[in-house]
Amino acid sequence: MIRPIRKAVFPVGGLGTRFLPATKAMPKEMLPVVDKPLIQYAVEEARAAGIEEFIFVTGRGKQAIEDHFDRSYELEDVLRERDKRDLLDLINSWMPAAGQVSYTRQMEPLGLGHAVRCAKALVGDEPFAVLLADDLILAKEACLAQMVEAYNNVGGNIIAAMDVPPEHTKRYGVIKPGKNSDRMVEVTGLVEKPAPAEAPSNTAVIGRYILQPSVFHHLDNTQRGAGGEMQLTDALAKMIGEGPFHGLRFDGERYDCGDKIGFLHANIAFALARPDMNKDLSVILRDISKTL
Ligand code: G1P
C-alpha cells in the first residue's frame, strides 16, 4: 500500500556560515529571493504538493522564521486602516493554518541526518518529505509535487536528482544508478560528497526527499560521516534493498542559494520570471553587460 505524504520536515537549524556576514544575526532561510524568504518558497512548494503539516527543525537565533509563520496583528491593523488589501494578501494568503506548523530544536549542529532524526516524534510512523530551503527550484510544476506524483506510482523512497559537472561531486550526495526509465533512475548506492575519482556517477542528490519512516531506525544507527556530521545520505544508503528507491530527474532549474553566486543567480532568474519585473531588469542587465 502506498501511504500518502502529509508531513514535511524543514531542517532550518544550520549556521549558514557560507553566507556570512549576512547570516550573523539572521537565519539564512530568511534571505529573500526578490521579495520572499527562501523558507517561504519551500513551504509554498510543500503546500503545492499537498503537504498538510509543516515541521521545522530549528535552532538558536532562528526566531525570525517562527515570526514569519505567525500573524502580525500590528502590521495587519495598519494595512487595514490604510485599505492596503493587496499587501494584506501578501502577508497572509500563503500562511499555513493554526496547528499545521510545529517546531523542534536541533540543539547541536550535528548535520542533516541528525536534524531529520530530531523530527522523529513529530513525523511518527508514516512516510514524509524533507525540503532543504537553500535548494531553490524554479519550475512550472513544484518539484515536490512532481516527486509526489512519481511516488504515487512507485512508492518507497524518492529523491530529487540532477546531473552535475563531474568536478562538482564533492558538493553533493551522489547516486550509484541502476535502471533508468523516463525521468526515474533506480538508486543502487549513495555516497556523500565523494571526490570525482570516487564518485559512482555525476548524478547528484538535490535537497528534496520523500522517505519511508524506517529512515529513523537507520539514523539511530548512523555514525558521523563526511565532514564529521551525521549524514542523511549514509542512512539512506542503508535503506537500499528495503523497497523501491528512485531518483527523479525533476523538470525545473535548481539554484544553490546557500552559495553567494547561486543566490545572485536565483534572484536574477526569479525576477526575470516575474511579469512585473522582467522588462526593467532586462534593460538593467543589458546595460551592465555592455560594461563587462
Ligand atoms: C546536503 C546533503 C547532500 C545533498 C545536498 C543538496 O548537503 O547532505 O547529500 O546533495 O544537501 O543541496 P549540504 O548542501 O547541506 O552540504
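For ligands, and for the atoms within them, numbers begin at 1 and follow the listed sequence.
Applying the salt bridge (Lys or Arg N to Asp or Glu O under 4.0 Å) rule to R286 yields no partners; only residues at least two apart in sequence or on another chain are considered.
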Under 3.5 Å donor-acceptor pairs involving side-chain atoms of residues 119-132, not counting sequence neighbours:
{"from": "K120", "atom 1": "NZ", "to": "D220", "atom 2": "OD2", "distance (Å)": "2.9"}
{"from": "E126", "atom 1": "OE1", "to": "R6", "atom 2": "NE", "distance (Å)": "3.1"}
{"from": "E126", "atom 1": "OE2", "to": "R6", "atom 2": "NH2", "distance (Å)": "2.9"}

Show me, pair by pair, the donor-acceptor contacts under 3.5 angstrom made by side chains of residues 263-278, not counting sequence neighbours?
{"from": "N267", "atom 1": "OD1", "to": "V34", "atom 2": "N", "distance (Å)": "2.7"}
{"from": "N267", "atom 1": "ND2", "to": "F263", "atom 2": "O", "distance (Å)": "3.1"}
{"from": "R274", "atom 1": "NE", "to": "D276", "atom 2": "OD1", "distance (Å)": "3.1"}
{"from": "R274", "atom 1": "NH1", "to": "D35", "atom 2": "OD1", "distance (Å)": "3.1"}
{"from": "R274", "atom 1": "NH1", "to": "D35", "atom 2": "OD2", "distance (Å)": "3.0"}
{"from": "R274", "atom 1": "NH2", "to": "D35", "atom 2": "OD2", "distance (Å)": "3.4"}
{"from": "R274", "atom 1": "NH2", "to": "D276", "atom 2": "OD2", "distance (Å)": "2.9"}
{"from": "N278", "atom 1": "ND2", "to": "L272", "atom 2": "O", "distance (Å)": "2.8"}

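Ring centers of W94 and Y41: at least 6.0 Å apart, outside the cut-off.
For ligand 1, the protein residues placed under 4.0 Å by at least one non-hydrogen atom are L112, L132, D135, Y172, G173, E192, K193, V205, G207, Y209, Q231, T233, R254.
Under 3.5 Å, the side chains of Q106 and H114 contain a donor-acceptor pair of N or O atoms.
Salt-bridge annotation for D86 and K84: absent, with no side-chain N of the basic residue lying under 4.0 Å from a carboxylate O of the acidic one.
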